[in-house]
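Every heavy atom of this structure was used, including side-chain atoms; hydrogens, water molecules and symmetry mates were not.
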Amino acid sequence: MRRIKKSFKNRRSQSLPTQNDQIKNKEQFSENLKENIQIVKEALGNSDDIIIREISIGKESSIKAGIIYTEGLVDTPSIQNFILESLMVDIQDSGLDKSITNKKDLLQLMKDSVLAVGELKDITDYNTLFTSLLTGNVILLLDGYTQGFAISMKGGKDRGVPEATTESTVRGPKEAFSESLRTNTALLRRKVNDRNLWLETKKIGTVTKTDVSIAYIKNIANDKVVEEVRRRLDRIEIDGILETGYIEELIQDETYTPFPTIFTTERPDVTVANLLEGRIAIFVDGTPHSLIAPSLFVQFFQTADDYYQRADIVTLLRILRFIGFFIALLGPSLYIAITTFHQEMLPTPLLINLAAQREGVPFPAFIEALIMEVTFEILREAGVRMPRTIGQAVSIVGTLVIGTAAVDAGIVSAAMVIVVAITAISSFIVSSFNLSISVRMLRFIFMGLAASFGLFGMIVGLIALTLHLCSLRSFGVPYMSPLAPFNIEGQKDVFIRFPHWGLFSRPRLISQKNLKREDNPSPKPESRKRK
């Protein structure tokens, strides 16, 4: 029975060659235009968005040509003006077609004198044709020739340059990346007018064939890191890339860690600032974010505003962010540990007051905190996923749940409501959304440790967390640099920010071949001389 099934299977696979097999057997173009067009139609399933137009070239209409493009991906008016009109009208009016004596003359004439386009590539096989066609190029095939042209006419609608939504600033540019890869790279070029800004683009995804670009400044970025980024991108074998998150997961150093080891931003100015420090940016077509590598832990506490405001103000705000990070991480667990195991740490009046509040609450502090934290996470997730029109209703419900109604119902104490509220607000201070999610996850672990072992459990958890952070690497660079390993020069932009005239060196472990931003770190403000 198995032999019969096997032989039937083999026979069926031999008798029904797939469409890809047919194309593989005919990789090179045929000289017959209609046959080429028919193969394209069959391979694409006669899709309605694939436009095929057959025209005649020359005064005597002796040369047949076929124009193929994907509607919505190309600039249609440009096809009319620079391809159709040139082939059907201009070539006749100029009399160029009379000078054609052989086949090679026509191909050269097309490239040199007829097609008034910027980018034009020769194509001779179907694989190149489909790749070019489905990425927004116009294909020109000629009857009697085994060579065609892929003409760059990329267009289509996009939403332009939008305003930053997740990284808003009080001062500074408001523009953000969009879904168009070329728009994003153009935003970089506007800010870096230097020939050393290099861009490399490759296609990743066996089905989607998504354009992925890496950008770096040649004389600043570490060559080894650039090569490592190339190597990691080249080894990706996946059917589709739909967002930078795919790339991030596939190239990051450590998979099982709650901390992000690759920085994500939607702002061109932040991307350029990182390029100037020697990092590499990765763009994915169709995504309004860029990935920055290598990334450091302290980088997730820095914002664009940090470099547009005065240094003393920025230092204060940055310290507040670190304090907010620890409150968001340890706030509920501290409350649980102290009220459960270490009541002697509280002043007597406060202890009596807390005991009076908890008199009617039937749950221990851990369950009480768990109820409030889970409720808050549900409300936050609902607020993100729901349409904006009904977001106000979610806010009202959230106010009722995490408020006096919960206290009056005897579910939680008033002190717990205050702790959860401060924790929630502190988590919003953390500027990076990725790091904020990590804090939300780790908060529950610390709550469990505090409920089990009190402050001792929390200390053990903090030591384990510190060791884990010190063990992380981002493209070979220690994640906790410049704190661990400690580097005194790098402390100028960690907890405090020096004025710009003091930030004359780049991070030592990132840009190893070009550490100085300028040879003469000036101008410093001139001190006023006393008369």
Taking atom [atom1] of [X] and atom [atom2] of [Y], what is their separation to the nearest 0.5 Å?
{"X": "Ile236", "Y": "Thr206", "atom1": "CD1", "atom2": "OG1", "answer": "12.0 Å"}
{"X": "His289", "Y": "Glu167", "atom1": "NE2", "atom2": "CD", "answer": "7.0 Å"}
{"X": "Asp194", "Y": "Leu275", "atom1": "CG", "atom2": "CG", "answer": "11.5 Å"}
{"X": "Leu181", "Y": "Leu199", "atom1": "CG", "atom2": "CG", "answer": "8.5 Å"}

With the side chain counted from C-beta on, respond yes when [X] and [Y] share a heavy-atom pair under 4.5 Å apart, and no when they do not.
{"X": "Pro288", "Y": "Pro162", "answer": "no"}
{"X": "Val161", "Y": "Thr183", "answer": "yes"}
{"X": "Glu248", "Y": "Thr261", "answer": "no"}
{"X": "Val192", "Y": "Leu188", "answer": "no"}
{"X": "Thr255", "Y": "Glu249", "answer": "no"}
{"X": "Val412", "Y": "Val361", "answer": "no"}
{"X": "Leu472", "Y": "Thr257", "answer": "yes"}
{"X": "Gln491", "Y": "Leu483", "answer": "yes"}

Within the 3.5 Å criterion, strictly below it, is a donor on [X] or [Y] matched to an acceptor on the partner's side chain?
{"X": "Ser213", "Y": "Thr201", "result": "yes"}
{"X": "Thr210", "Y": "Thr208", "result": "yes"}
{"X": "Glu254", "Y": "Tyr479", "result": "no"}
{"X": "Tyr216", "Y": "Asp223", "result": "no"}
{"X": "Glu368", "Y": "Ser413", "result": "yes"}
{"X": "Tyr307", "Y": "Asp269", "result": "no"}
{"X": "Glu266", "Y": "Thr166", "result": "yes"}

Stacked cation flag Arg232 on Phe475, 6.0 angstrom / 45 deg
yes
Short N-O contact, [X] and [Y], less than 4.0 angstrom:
{"X": "Arg171", "Y": "Asp305", "result": "no"}
{"X": "Glu377", "Y": "Arg443", "result": "yes"}
{"X": "Glu163", "Y": "Arg267", "result": "no"}
{"X": "Lys224", "Y": "Glu227", "result": "no"}
{"X": "Asp285", "Y": "Arg182", "result": "no"}

Return yes when atom CZ of Phe453 has more than 12 non-hydrogen atoms of other residues, nucleotides or ligands closer than 6.0 Å, and no otherwise.
no
Counting neighbours of CZ on Arg231 that are heavy atoms of other residues, nucleotides or ligands and sit closer than 6.0 Å, is the number greater than 12?
yes
Side chain to side chain contact (heavy atoms under 4.5 Å, CB included) partner of [X], the single match among [options]:
{"X": "Ser426", "options": "Ile422, Val430, Thr423", "answer": "Ile422"}
{"X": "Leu291", "options": "Thr264, Val284, Thr265, Val229", "answer": "Thr264"}
{"X": "Ile510", "options": "Leu296, Asn274, Ile220", "answer": "Leu296"}

Just by distance, do the side chain of [X] and the backbone of [Y] share a donor-acceptor pair under 3.5 Å?
{"X": "Ser333", "Y": "Leu330", "result": "yes"}
{"X": "Trp198", "Y": "Arg195", "result": "yes"}
{"X": "Gln357", "Y": "Ala415", "result": "yes"}

In terms of ring plane angle, is the pair Phe297 and Phe325 parallel, tilted or perpendicular, where the classes change at 30° and 60°?
perpendicular
Please work out which of the three classes, parallel, tilted or perpendicular, describes the rings of Phe322 and Phe495, given edges at 30° and 60°.
tilted
Can we call the ring centroids of Phe341 and Phe456 under 6.0 Å apart?
no
Report the C-alpha distance between Asp312 and Thr315 in whole Å, list the side-chain angles of each, state the deciding distance to 0.1 Å, and finish with yes or no for side-chain hydrogen bond (donor to acceptor under 3.5 Å, both in side chains).
CA-CA 5 Å; Asp312 48 355; Thr315 300; over 6 Å; no
Could you walk me through whether Val298 and Met480 satisfy the side-chain contact (heavy atoms from CB on, under 4.5 Å) test, starting with their C-alpha distance in whole Å, then the side-chain angles of each, then the deciding distance to 0.1 Å, before giving a yes or no?
CA-CA 7 Å; Val298 296; Met480 290 300 288; over 6 Å; no
Quick one: do Thr271 and Ser290 satisfy side-chain hydrogen bond (donor to acceptor under 3.5 Å, both in side chains)? Show the steps, please.
CA-CA 7 Å; Thr271 304; Ser290 67; 3.1 Å; yes
Step by step, work out the side-chain contact (heavy atoms from CB on, under 4.5 Å) result for Asp493 and Gln302.
CA-CA 9 Å; Asp493 196 18; Gln302 299 168 350; 3.9 Å; yes
What's the verdict on side-chain contact (heavy atoms from CB on, under 4.5 Å) for His342 and Glu344, showing C-alpha distance, side-chain angles and the deciding distance?
CA-CA 5 Å; His342 312 284; Glu344 69 278 4; 3.9 Å; yes
Phe259 vs Phe300, ring pair (Phe, Tyr, Trp, His ring centres under 6.0 Å): CA-CA, chis, key distance, verdict
CA-CA 10 Å; Phe259 293 97; Phe300 293 87; 8.9 Å; no
Applying side-chain contact (heavy atoms from CB on, under 4.5 Å), run through Ile262 and Asp253 and close with a yes or a no.
CA-CA 9 Å; Ile262 297 179; Asp253 290 62; over 6 Å; no
